[in-house]
Amino acid sequence: MNIFDYYLEKIKLLLNDLNKEGQIILPSSLDGINAEIPPEKFDCDISTNVAMVLSKINNKPPFDLAENLSKKIKSLDEYIDNVSIAKPGFINIKLKPSFWTNFINNIIKIPDTFGVNEKEDKNKYLVEFVSANPTGPLHVGHCRGAILGDVISNLLSFNKHVVTKEYYVNDYGNQIINFTKSVYARIREIKFNEPFPIDNEDLYPGDYLVDFANNIISANNELDFENYDKISIELTKLSITEALNLIKKNLKSLGIEHDNFVSEKSLVEAKEVEKVIDYLTENNHVYKGKIKAPKGENDQNWIEREQLLFKSTDFGDDKDRALQKSDGSWTYFASDVAYHKNKLDRKYDYLINILGADHAGYIKRITSSVDALSNSKNKLICKVSQLVKLIKDNKPFKMSKRKGDYITVDDLISEVGKDATRFIMLNRSSDVELDFDFDNVKEKSKENPLYYVQYCYARISSVYRHINIDLSVNLKISLSDFEYTSDEIKIFKKISEWPKCIDAASKKLEPHRIPVYLYELASLFHSYWNLGKDKPEKRFISEDKKISDDKLVFLKAISNVIRSGMNILGVETPEKM
RNA sequence: GCGCUUGUAGCUCAACUGGAUAGAGCGCCUGACUUCGGAUCAGGAGGUUCUGGGUUCGACUCCUAGCAGGCGCGCCA
C-alpha cells in the first residue's frame with residue numbers, strides 16, 4: 001500500500017484521458033512525473049511535479065498548467081480534501097482524515113508485508129559477501145561489509161526476491177601455503193618444543209594458531225607430525241577447516257549465516273579456470289601481451305613480461321589484466337573469473353558483490369569479465385563498504401596486523417553487543433567512512449540511536465502489557481470509523497512513507513535509509529508520548545485502566561513498522577529494556 | 001602520474017535517482033520530572049552545501065576544470 005504510487009497512477013491515467021481529449025500534450029514517457037513527500041512546512045500529504053514536467057511540451061507556464069490540473073485532480077476521489085498550488089508549480093494534495101482511518105485499518109491487516117513493493121518484478125539474486133581469507137578470525141574491518149551484505153540480502157528477501165547468500169573461500173594460493181606452514185610451526189612448538197620462528201615475516205603470528213594446532217593434534221593422532229611434506233595436503237585441509245569454523249562462529253555472533261560456501265580450490269581442481277579461459281579465448285577476449293608500468297612508478301624495477309591477459313579495456317577498464325603467473329599457475333583474478341562464470345551458470349538475474357574499500361580498484365576488471373561472459377551489462381553490481389575508524393577514549397585507535405593487536409569480532413561483540421554493532425554500522429551510508437566510537441556505542445541513552453528506536457517499541461509494549469494484550473498477536477477488534485486528529489495523522493503520514501523508504505533502500509542497495517527512517521518515526525512517537533503530560537486525552541490508558549480501540553490500532557501500526565524495520569536490520573525489539 | 005571515492009552547521013551525518021525556505025543528533029543556551037517507564041520531551045542560536053565555469057523552469061544532486069582527504073595501482077588474495 002504505497003499511497004504515493006497509488007495517486008501517481010491515478011494522475012497518470014488522468015493525463016492519458018486529457019491527452020485523448022486533446023486537452024494536453026504528453027511526452028513519450030511519463031517517467032519524469034513523480035509523487036513525493038512534501039516538505040514539512042506545507043500542510044499537505046502528497047505533492048507532484050506534473051505541471052513543471054509538462055510545461056515545456058505544452059508551451060504553457062507551469063503555474064497555469066497546475067491551476068488547470070489541480071481542479072481535475074481534486075475530483076479524482078472522495079478522499080482528497082483539497083489541492084493547492086505552490087510557487088514554481090507544485091501541485092499539493094491534502095487528504096481527508098477519513099483517508100487516514102482507512103489507510104491505518106488496511107495496513108494493520110498486513111503487519112508483515114506492509115512496505116513490500118508489490119509491483120516490482122521478482123528476481124533471483126546472489127549476494128556474495130565477507131569472503132575473508134580462511135586464515136584467522138574476523139576482525140572489525142570485515143564487520144561492516146558482513147553486516148551490509150546480510151542486510152541487503154534481508155532487504156531483497158523482504159521485497160520477495162529470491163536471495164542466496166554466498167561466501168567465496170580463498171583456499172588456494174600462496175597465502176594458504178604460508179598459513180599451513182604457520183600452523184605447522186605451532187604444532188612443532190607444541191609437540192617438539194621448537195620455538196615459533198617469530199622473525200619469519202611469511203608466517204602468521206597470531207595466538208589463535210595455537211588453538212588450531214592443539215585442535216588438530218588432539219583429533220589426528222594418526223598423522224606423522226614430524227614430516228611436513230608427508231602431511232602437508234591433509235594439514236592444509238585441517239587448517240582451513242579450523243579457520244572456517246572460527247569464521248562461521250564469528251559470523252553467527254553477528255547474526256549472519258551464509259547459504260553457500262564455495263571453494264576456490266575446488267573450482268581450480270575441476271578445471272573451471274581452464275574452461276573459462278578457453279571460452280574467453282574463443283570469443284577473442286584474451287591475448288598474450290605485456291603490461292606497461294604505471295607512470296608514477298620507478299620503472300627501473302619494472303620488468304615487462306609477456307603473459308596471458310584479459311582484454312578488460314574493451315569493457316572500460318584502464319589496463320588489461322593478467323590471468324596467469326610466470327610459473328604457469330593462475331592469478332587470483334583468473335579463478336575469480338571462473339567463479340563468476342560459475343555464478344552465471346547458476347542462472348541468477350543479478351549478482352551482488354560486497355567489497356571492502358581496499359578492493360574498490362578491483363571492480364572494473366571483475367565487472368568487465370562478467371560483461372564478457374554474459375554478453376550483457378549490469379548483471380554484476382558491486383557495492384563498496386568504506387572503512388571503519390575506531391575511536392576509543394576520543395582518540396583514533398589504530399590496528400596493526402604485525403603486532404597482532406587488531407580488534408576481533410569477538411572483542412567487539414563481547415564489548416558492545418550484536419545489536420548496537422549492527423545498528424551503528426548500518427546507520428550511515430556505506431559510501432562514507434564511519435566513526436565507530438566504542439564508548440558512545442555502549443552508552444544507553446539518546447546518543448545511541450539503537451536504544452532510542454528500541455525504547456519506542458518498549459514503550460508501546462508497556463502499554464499493551466498494562467492492559468494484558470499480547471503485542472505480537474494480531475488485534476481482534478472490529479475496525480471502524482475512528483476519528484484521528486492531526487497529532488496522530490502526523491505519525492500516519494510518516495508510516496505512509498515506509499514503502500517509499502523500502503523501495504529506495506532496496507533499489508539503490510542503501511540499507512542506511514532504514515535506521516534513519518526508524519529514528520524519525522521513533523522521534524515522532526516520543527513527542528506524541530509526551531503530549532500525554534499536558535493533555536490527558538492523549539494518554540493511552542485512561543484512569544479506569546481502559547484503552548480505546550483507535551489507540552490500540554494507532555500503537556499497533558507503529559509497532560508493526562518498527563518491528564518490520566528492525567527485522568530487516570537483524571536487530572532485536574525487546575518488550576522491556 | 002592514473003583510477004575509484006568522499007567533501008553539507010563547531011563535530012558526526014541525512015536529504016526520497018533534478019524539486020519548494022537544505023534537515024537530524026552531539027555540543028552550546030532556555031525550559032518540562034511525587035514519570036500512563038525521563039533511556040524522554042518543548043524552544044533558541046548555528047549554512048555562500050570545498051572553489052570556478054556550464055546544462056534548465058529548478059542543482060547538494062548531472063557535466064567540466066581545479067582544491068583537499070581516504071583507498072588502490074604489476075603474477076597478494
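Throughout, protein chains are lettered first and strands after them, A, B, ... in sequence-line order, and every chain is numbered starting at 1. No experiment lies behind these values; they were computed from the predicted model shown.
Ring-centre distance between A:Phe540 and A:Tyr464: not below the 6.0 Å cut-off. For A:Phe90 and A:Phe42, the gap between ring centers reaches or exceeds 6.0 Å.
Close to B:C36, at under 4.0 Å from its OP1 or OP2, lies no side-chain N or O of A:Lys551. Side-chain N/O atoms of A:Trp529 include none lying less than 4.0 angstrom from OP1 or OP2 on B:G37. An OP1 or OP2 oxygen of B:C76 is reached within less than 4.0 angstrom by no side-chain nitrogen or oxygen of A:Thr331. Put simply, A:Arg459 has a side-chain N or O that comes within less than 4.0 Å of OP1 or OP2 on B:G38. Dashed line: the shortest gap from a side-chain N or O of A:Lys41 to OP1 or OP2 of B:G23 is under 4.0 Å. Taking only side-chain nitrogens and oxygens, A:Tyr455 comes nearer than 4.0 Å to OP1 or OP2 of B:G38. Contact between the side-chain N/O atoms of A:Lys494 and the OP1/OP2 oxygens of B:C16 is not found at any separation under 4.0 Å.
A:Glu40 comes within 4.0 angstrom of nothing in the nucleic acid, heavy atoms only. Across all strands shown, A:Lys87 has heavy atoms under 4.0 Å from sugar-phosphate atoms exclusively, and none from any base. Residue A:Trp330 is out of contact with every strand shown, counting any heavy-atom pair closer than 4.0 Å. Contacts of A:Glu575 with the nucleic acid, taken as non-hydrogen atoms under 4.0 Å apart, include base atoms. Residue contacts for A:Tyr172: at a heavy-atom cut-off of 4.0 Å it reaches the sugar-phosphate backbone alone, with no base atom in range. Using a 4.0 Å heavy-atom criterion, one finds that A:Lys319 contacts the sugar-phosphate atoms exclusively. Using a 4.0 Å heavy-atom criterion, one finds that A:His359 contacts the bases of the nucleic acid, with or without backbone contacts as well. Among the protein residues, A:Ser527 comes within range of the sugar-phosphate backbone only, with heavy atoms under 4.0 Å from sugar or phosphate atoms but none that close to a base. Base engagement by A:Pro39 is indicated by at least one non-hydrogen atom pair under 4.0 Å involving a base atom.
To the nearest angstrom, C1' of B:A20 lies 14 Å from CD1 of A:Ile91. Put simply, CZ on A:Phe63 is 18 Å from P on B:C57, counting in whole angstrom units. The nearest whole Å value for the distance from the CG atom in A:Asp487 to the P atom in B:C41 is 16 Å. Atom CD1 in A:Ile541 sits about 15 Å away from atom P in B:U35, given to the nearest Å. Rounded to whole Å, the distance from CD on A:Glu537 to C1' on B:C36 is 14 Å.
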With B for base contact, S for sugar-phosphate-only contact and - for none (protein heavy atoms under 4.0 Å), nucleotides 10-15 of chain B reads --BSSS

Heavy-atom contacts, protein to nucleotides 29-34 of chain B, under 4.0 Å, summarised as B (base), S (sugar-phosphate only) or - (none) per nt, yield ---B--

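In this structure, A:Tyr517 forms no aromatic stack with the base of B:C16, since the conditions of centre separation below 5.5 Å and plane angle below 30° are not both met. Put simply, A:Tyr452 does not rest on the base of B:A39: the two rings are not both less than 5.5 Å apart at their centres and under 30° in tilt.
Of all nucleotides present, none satisfies the Watson-Crick or G-U wobble test against B:A15 with each distance under 3.5 Å. Checking B:C26 for Watson-Crick or G-U wobble geometry (two distances, each under 3.5 Å) identifies B:G10 as its partner. Pairing for B:G1 is with B:C73, a Watson-Crick or G-U wobble pair whose two hydrogen-bonding atom distances lie under 3.5 Å. Across the strands present, B:G53 finds its partner in B:C63; the criterion is a Watson-Crick or G-U wobble pair with both atom distances under 3.5 angstrom.
Contact annotation: the side chain of A:Ile547 approaches that of A:Leu555 to within less than 4.5 Å [non-hydrogen atoms, C-beta and beyond]. Side chains of A:Ile152 and A:Pro511 form a contact here, defined as non-hydrogen atoms less than 4.5 Å apart.
Between B:U17 and B:U61, the distance separating the two P atoms is 15 Å to the nearest Å. Nucleotides B:U55 and B:C63 place their C1' atoms 7 Å apart, quoted to the nearest Å. For the C1' atoms, the distance linking B:G3 with B:G74 amounts to 15 Å, nearest Å. Between B:G47 and B:C4, the two P atoms lie 35 Å apart (nearest whole Å). Only the C1' atoms considered, B:U48 is 15 Å distant from B:G7, to the nearest whole Å. Of the P atoms belonging to B:U6 and B:A45, the separation is 33 Å, rounded to the nearest Å. Rounded to a whole angstrom, the distance from the C1' atom of B:A65 to that of B:G46 is 33 Å.
The two residues A:Val151 and A:Leu569 come nearest to each other via the heavy atoms CG2-O, 3.8 Å. Nearest approach of A:Ile354 to A:Gly145, heavy atoms of both residues: CG2-O, 3.6 Å.
Here the options are A:Glu264, A:His340, A:Lys265, the test is side-chain hydrogen bond (donor to acceptor under 3.5 Å, both in side chains), and the partner is A:Ser335; only A:Glu264 passes.
Side-chain N/O atoms of A:Asn92 and base N/O atoms of B:A20 include a donor-acceptor pair closer than 3.5 Å.
Nucleotides of RNA chain B nearest to A:His526 and A:Gln175 differ in position, and the one nearer the 5' end is that of A:His526. If A:Gly361 and A:Arg465 are placed on RNA chain B by their nearest nucleotide, the residue sitting closer to the 5' end is A:Arg465.
Between the side chains of A:Asp317 and A:Ser368, no donor N or O sits under 3.5 Å from an acceptor N or O. In this structure, a donor-acceptor pair under 3.5 Å is absent between the side chains of A:Tyr519 and A:Asn427. Side-chain contact of A:Gln175 with A:Tyr332: a donor-acceptor pair under 3.5 Å is absent, judged by distance alone. Counting only N and O atoms by type, the side chains of A:Tyr339 and A:Glu272 include no donor and acceptor under 3.5 Å apart.
A salt bridge links A:Asp435 with A:Lys389; the closest basic N to acidic carboxylate O contact falls under 4.0 Å. The pair A:Lys490-A:Glu40 does not count as a salt bridge, with every side-chain nitrogen at least 4.0 angstrom from each carboxylate oxygen.
The side chain of A:Tyr519 lies closest to B:A24 when the candidates are B:A24, B:U21, B:C4. Residue A:Glu264 has its side chain nearest to B:A77 when only B:G74, B:U17, B:A77 are considered. Considering only the side chain of A:Asp358, B:G72 comes nearest among B:C41, B:G37, B:G72. Of the candidates B:G74, B:A77, B:G3, the closest approach to any side-chain atom of A:Tyr362 belongs to B:A77. Minimum atom distance to the side chain of A:Lys56 is reached by B:C57, of the listed B:C57, B:C36, B:G3. Listed nucleotides B:A20, B:C76, B:G38 differ in distance to A:Asn174; the shortest reach to its side chain belongs to B:C76. Nearest nucleotide to the side chain of A:Ala86, out of B:A20, B:G19, B:G37: B:A20.
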Run the side-chain hydrogen bond (donor to acceptor under 3.5 Å, both in side chains) test on A:Asp202 and A:Asn178 for me, step by step, so that the C-alpha distance in whole Å, both residues' side-chain angles and the decisive distance to 0.1 Å come before the verdict. CA-CA 6 Å; A:Asp202 286 340; A:Asn178 290 336; 4.7 Å; no

